[in-house]
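These notes are about the structure you will find just below.
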Amino acid sequence: MQKSEFTQAEEEMIQREFEALLDDYSHTPHRQKVELITHAFNFAHRAHYGVRRLSGEPYIMHPLAVARICVKEIGLGSTSICSALLHDVVEDTDYSVEDIRGLFGDKIAQIVDGLTKISGAVFGEQASEQAENFRKLLLTISDDIRVVLIKIADRLHNMRTLGAQPKDKQYKIAGETQYIYAPLAHRLGLFPIKTELEDLSFKYEHPETWQEIHDKLETIKEHQLASFEQFAQPIRDRLTSMGYQYTLKARIKSVYSIWKKMMKQQCAFEDVYDLLAVRIIFTPNESMSEKDQCWMIYSAITEIYRPHPERIRDWISTPKANGYEALHVTVMGKDGQWIEVQIRTDRMNEIAERGYAAHWKYKTGESDDSELDKWLREIKEILAHPEKDSMEFLSTFKLNLFAQEVFVFTPKGEIKTMPLGSTALDFAFMLHSELGEHCIGAKVNHALVPLSYRLKGGDQIEILTSNSQHPQKEWMDMVTTAKARNGLQQYFHREERRYIKHGERLVEDAIKMDPELNANHDTALARLLSYYQMTQPTELYAEVGQGAIRLDNIHEIVYPKRGWKSYIPFLGRNDKTSAAKPLNDTPAASNDKEQPAEKPKKKVPHAVVLTDDELGKKFVLSNCCHPIPGDEVLGYLDEKGLMHIHKIDCPEANLLKTSYGKRIYSATWNTHRVQSFVETIELKGIDKFGVFIHVLQTITTDFHINMRSINVSSEDGIFKGTMEIYVYDRKELDDLLKALRKIEDIKEVKRVTVES
């Protein structure tokens, strides 16, 4: 951060921003504590005086922006505003948490302390530190969830100003935001913030694609809004006649959500039809329930427009896990376009816009236990039994940020919410860990199904158990929820501890029974570890405890017969067949010669250029996503100094960006069609005579592209073909796909990634 005196114009700008914050605050229902907020602002302004952000603007503008997001976009009050203004004081200045406590009280000090502990990026350089920092962030859910809400506001402002950061930092921060912060905002019900975080992450990871979709959206926005006015007028007339006070809003899809749909459906921008949604927000009459009135409005709308029978979503009877309530229906407009209509009351809308803060405001008592409350309890349960392995911890938590749910029933008719893709085994663990551990199967709709059965909406499920059943390692592949994974991992950890304890007793007994070994206990144990190529005694104890290693030949292992040299078979070792390391009783001769000084490591710039002669040598193209010249890519520098190139949207790259941010490099191509790369394309179309000959002519004659393999099948008049072809770069591939799509009977063409 830079430091210099502020100009008069900058001081006036800071004051204007503070007055805008007070104006936002004055329009809230919170008890006005302007004096406390002014005190916090003046203190933060003095503490950060002269300090500037990378963009050059005064640093205090950042805490002010975060405070405005807290009050205006999340709906938080004076305690959160003060904490947001002070959130970087302890980390960046000489003031301590105790100073904050003395000036502003315990609650603000506690929140600032929580924010300081998770300051900077959630993830540091080492994976263990990353998980520990993230765990600190999540632990604040049980202390004071305002810490997490302010941290999300902080991340939103950082994303809004990310352009000032270098490219590699943009990748790291955008990846981290996409991987954790956007799903966390969604889970806490902050839908507009979640949407903006996703869109900004996409903008910095795929700037050209983002700009292309954004420009196309701008060209049709006026037409979309005109369609909205035409569509909305009959609805306005009907709602007015029903006596409701209401607001009608048009919502156009974000760039990121349009791109996701294009990728999922493998279609062009012009083929994404549901760009427009209409939102009805009304003030309900007190004489009738909100639910009944939503359905009355639904009935009125479907009298005007024809509804799509399979596109009705009732989030009122069963709210989403993040507290979201609304009634969605998709209807056919006058121009033949499908338009989604979302029906909400004022209360539902505030919960949809402001998430947890509004949810808490509308809670009526102890028994008002929403899906969001249940989720928060699950998080606390996971945190109570954290993973040893940091990346496992992150993956387990990430599983709990699911976005879609299915509703199933217990045998007694009680409704339960499960993540989309959950199995019968997930359901068993959701009910109780004991049920999960002893589950042998389930009955779904009175029919017997296996543990791996994937639940569908409306299923009635009964769990079957047996006391003789115990979890198997393969079960980890059957579960999708964080609770089930966590339950299984806890069981396996307990079993591992039991095996270690049992194995240690067996090893110690075996050593004690042999006088020669007992006299040299530590040497015996060290030689056993060397023989089995292990570094920790617990590894040995675990395998002995499980029966993978037998101890009936322990004396021969520790004291091999004279004449045996470098090879000693692994007698009694059930699971490894490689030769043991040679045992050497003689200590290595000491070397008194001075060792040459280690050469200093060469610094690598945080931006790399990929050239023809270095591909496959200095730069390795990752097998998980198969990047080729022209793809948007980044580099990851491993521990051996090798640079792995990934597509920016590769799932593996997303994990690397969040976990090893300082090893991420921006990468650009500078290749000259020297090397060709194998790509896989998939085609589907009408199985007419000659259509595939046309495909082959396009590939080989028109584009002079060689093929490595072809696989074609046909069923019920539809053919599907998969081909491996050699291309020089992304442009050549895109041009080919465009040409193939123009063939009359070809209905779908896409590039597919096949992991090597």
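Computed from a predicted structure; not experimentally measured.
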If we only count heavy atoms from C-beta on, is the C70 to L149 side-chain gap below 4.5 Å? no
Verdict with supporting geometry, L162 and K203, side chain to side chain contact (heavy atoms under 4.5 Å, CB included): CA-CA 10 Å; L162 194 58; K203 178 180 178 179; over 6 Å; no
So, S201 side chain and L197 main chain: donor-acceptor pair closer than 3.5 Å or not? yes
Side chain T318, main chain W315, donor-acceptor under 3.5 Å: no
Check this for me, if you would: do K221 and E218 make a salt bridge, where the nitrogen-to-carboxylate-oxygen distance has to be below 4.0 angstrom? yes
Got a salt bridge between E198 and K260, using NZ or NE/NH1/NH2 to carboxylate O under 4.0 Å? no
Sub-4.5 Å side-chain heavy-atom contact between L86 and L115: no
Closer than 3.5 angstrom, by distance alone: can the side chain of H27 be matched with the main-chain N or O of D23 as a donor-acceptor pair? yes
Rounded to the nearest 0.5 Å, what's the gap from CD on Q233 to CD1 on I304? Could you check? 10.5 Å
Is a salt bridge present between R354 and E73, judged by a nitrogen-to-oxygen distance below 4.0 Å? no
Whether S422 side chain and M418 backbone form a donor-acceptor pair below 3.5 Å: no
Mark yes or no for whether R454, through its side chain, and G421, through its backbone, hold a donor-acceptor pair below 3.5 Å. yes
Tell me whether the rings of H87 and H62 are parallel (<30°), tilted (30 to 60°) or perpendicular (>60°). perpendicular
Looking only at side chains, do Y204 and Q165 share a donor and an acceptor under 3.5 Å apart? no
Taking the side chain as every heavy atom from C-beta outward, state whether V278 and Q342 have any pair of such atoms under 4.5 Å apart. no
Is the backbone of D346 close enough, under 3.5 Å, to the side chain of N349 for a donor and an acceptor to pair up by distance? no
Establish, from distance only, whether the side-chain atoms of D237 and T240 form a donor-acceptor pair under 3.5 Å. no
Which label fits F18 and F41: parallel for a plane angle under 30°, tilted from 30 to 60°, or perpendicular past 60°? parallel
May I ask you to say whether D154 pairs ionically with K151, meaning some side-chain N is under 4.0 Å from a carboxylate O? yes
State yes or no: are the ring centers of W210 and H214 separated by less than 6.0 Å? yes
Is there side-chain contact between Q245 and F282, with heavy atoms separated by less than 4.5 Å? no
Indicate yes or no for a side-chain donor-acceptor contact from D199 to the backbone of Y256 under 3.5 Å, with no hydrogens or angles considered. yes
Short N-O contact, R160 and E196, less than 4.0 angstrom: yes
Is any side-chain heavy atom of I108 less than 4.5 Å from a side-chain heavy atom of T79? yes
Would you say the side-chain atoms of D314 pair up with the backbone N or O of I316, donor to acceptor, closer than 3.5 Å? yes
Does any N or O in the side chain of S80 come within less than 3.5 Å of the main-chain N or O of L76, such that one atom is a donor and the other an acceptor? no
Any carboxylate oxygen within less than 4.0 angstrom of a Lys/Arg side-chain nitrogen, looking at R313 and E340? no
W295 backbone acceptor or donor facing S299 side chain under 3.5 Å: no
Once you measure the plane-to-plane angle for F231 and Y305, does it fall in the parallel (<30°), tilted (30-60°) or perpendicular (>60°) bin? parallel
Answer yes or no: is there an ion pair linking E353 with K249, defined by an N-O contact shorter than 4.0 Å? no
In plain terms, say whether E325 and R344 are close enough for a salt bridge, that is, a side-chain N and a carboxylate O under 4.0 Å apart. no
Check ion pair R236-E229 (N to O, under 4.0 angstrom): yes
What's the separation between atom OG1 in T177 and atom CE in M159, rounded to the nearest 0.5 Å? 4.5 Å
